[in-house]
Amino acid sequence: MAYHSFLLEPISCHAWNKDRTQIALCPNNHDVHIYKKAGNSWTKTHELKEHNGQVTGIDWAPESNRIVTCGTDRNAYVWTLKGDVWKPTLVILRINRAARCVKWSPKENKFAVGSGSRLISVCYFEQENDWWVCKHIKKPIRSTILCLDWHPNNILLAAGSCDFKCRIFSAYIKEVEEKPAPTPWGSKMPFGEVMFESTGTAGWVHGVCFSDSGNRVAWASHDSTVAVAEGGKSAVVTSLTSETLPLLCVTFITENSLVAAGHDCYPALFVYDAGKGAITFGGKLDVPKQSAQKGMTARERFQNLDKKATSDTKEAVLESLHKNSISQISLLDGGKAKCTKFCTTGMDGGMAIWDVKPLESSVGELRLVWMGWGNIYSCLGSTSLCFDTLCA
Amino acid sequence: MSKNTVSDRFRKVDVDEYDENKFVDEEDGGENQLGPDEAEVDSLIRQYPSSSFLTLICKGNLMEALQAVLKNPPINTKNQNVKDRAEGLVLKVLSSFKASDIEKGVQSLDKNGVDLLMKYIYKGFERPSENSSAILLQWHEKALSAGGVGCIVRVLTARKTV
């Protein structure tokens with residue numbers, strides 16, 4: 001794993017370009033900075049200044065190379081690269097509260113913005129007027145939308161909200177696309193139709209993710225649970241209550257395993273077993289180096305007793321790579337089906353790149369067994385995964 | 001001065017009640033929830049476990065009492081009396097445990113049981129009586145090692161609690 005500290009303030013949001021050489025991030029202010037990878041370090045190449053409020057969401061479309069940003073100033077901008085300059089185009093979202101998250105659809109002809117106005121704005125480009133137009137999904141959302149993810153069919157949109165529910169909506173825009181084929185989530189998909197609404201978890205839904213096939217959706221909720229729903233006639237929901245602090249972001253790395261991270265400052269692996277209908281905790285993915293235990297002098301012991309009222313030798317220092325909550329995970333290599341690298345950014349202003357390469361070991365550790373066509377079934381014994389350090 | 005500044009009754013109007021965007025929790029049929037059965041729990045506290053004569057020394061079948069009192073939690077009911085009665089019963093059972101048995105008691109519960117126990121513990125903290133806080137703190141320590149921080153987070157984020 002590699003860790004790079006960009007700033008001292010939190011990184012509000014980030015997005016990678018197609019070949020992962022550039023990263024756009026918001027340094028907790030009104031701008032977006034684009035950094036380019038130069039050997040082992042990062043140099044700032046562009047500053048996108050247009051928003052009047054903190055930028056809360058960035059997404060970089062890999063094929064069309066457009067960036068969409070949204071902010072607390074209730075606006076969204078679509079940025080296109082003209083020569084060496086990024087030019088913004090304002091998108092009127094018609095919301096009266098801050099925008100919270102934005103995502104390009106898989107075909108990059110639409111994007112969705114979740115906002116505090118209790119609605120989702122689905123925006124598409126209207127050729128005749130040369131203008132981005134938006135449609136609203138309002139019912140039955142009752143609070144802020146915190147996170148969004150698109151289904152691979154470009155129509156369905158999963159949204160996690162502060163009204164404690166994760167829902168799948170249809171965002172079918174007849175002006176830009178054909179009628180969709182039926183999916184396990186349903187066959188009739190008019191715009192704004194609720195295909196699935198979660199039950200069984202309480203707490204704000206901080207992160208939501210479709211699996212690579214789109215047949216499963218996972219969400220992380222503020223009551224320290226992570227849940228997976230499988231589409232079907234009646235969607236089957238399985239959830240796991242964890243013993244850690246709430247998770248803020250979750251993503252599939254194979255069809256059966258999830259990586260999630262949050263206020264505990266380390267990414268954790270979860271494995272979903274559809275046959276048994278259970279999610280199990282796969283282990284912490286951050287294995288800190290064991291620091292040498294120093295003996296304490298009597299003076300240090302007395303000082304500790306005086307300062308902290310305890311002679312405990314354990315230091316109150318976080319051993320994880322990130323020193324503050326992790327707020328966003330993005331996949332770098334391999335996609336949601338076979339991810340080999342992912343990146344996390346957090347409130348400590350740092351970005352870490354994690355390499356996923358489970359090593360087979362003798363005593364029942366993570367084993368990936370291939371069954372059939374690209375169907376990965378992972379089974380877990382103990383709780384450790386080993387990582388190679390990323391050579392930058 | 002004009003007439004309409006005489007009365008200040010308008011200051012007592014709760015404007016949030018009239019907000020059409022106000023979030024209303026889903027109604028869940030809670031009328032039939034009566035909380036743990038008092039008679040059953042009482043009998044289990046006083047009951048002698050049916051094994052050997054040595055058990056005359058140890059009083060009561062506390063493990064079963066714990067399981068019984070954590071059944072049927074009055075989560076969805078709006079009746080405050082039911083909730084108070086349930087809390088009182090739980091406190092009675094928790095206080096009758098010996099300090100050394102608390103850990104065993106917590107181990108006998110499943111994940112949901114530990115979450116529920118933590119909810120009752122925090123409810124008990126809200127209204128401390130003479131010795132209740134000390135006992136509850138001992139239970140809290142053991143429940144924390146079983147359920148982790150996530151257990152406490154679930155107490156804090158629960159919309160409907162005991």
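Letters A, B, ... mirror the listed sequences (proteins, then strands); counts begin at 1.
- The aromatic rings of His263(A) and His222(A) stand perpendicular to each other, their planes meeting at an angle above 60°, with 30° marking the opposite boundary.
- Interface residue Ser242(A): only backbone heavy atoms are found under 4.5 Å from chain B.
- With contacts defined as side-chain heavy-atom distances shorter than 4.5 Å, the pair Phe164(A)/Ser221(A) does not qualify.
- Note that CG of Asn112(B) and CG of Leu70(B) are 11.0 Å apart. Values are rounded to the nearest 0.5 Å.
- Neither the backbone nor the side chain of Asp264(A) comes within contact range of chain B; no heavy atom of the residue lies under 4.5 Å from a heavy atom of that chain.
- A 4.5 Å side-chain heavy-atom check between Phe97(B) and Gln138(B) finds every atom pair outside the cut-off.
- For the options Ala158(B), Gly150(B), Cys151(B), heavy-atom pairs under 4.5 Å to chain A are most numerous at Gly150(B).
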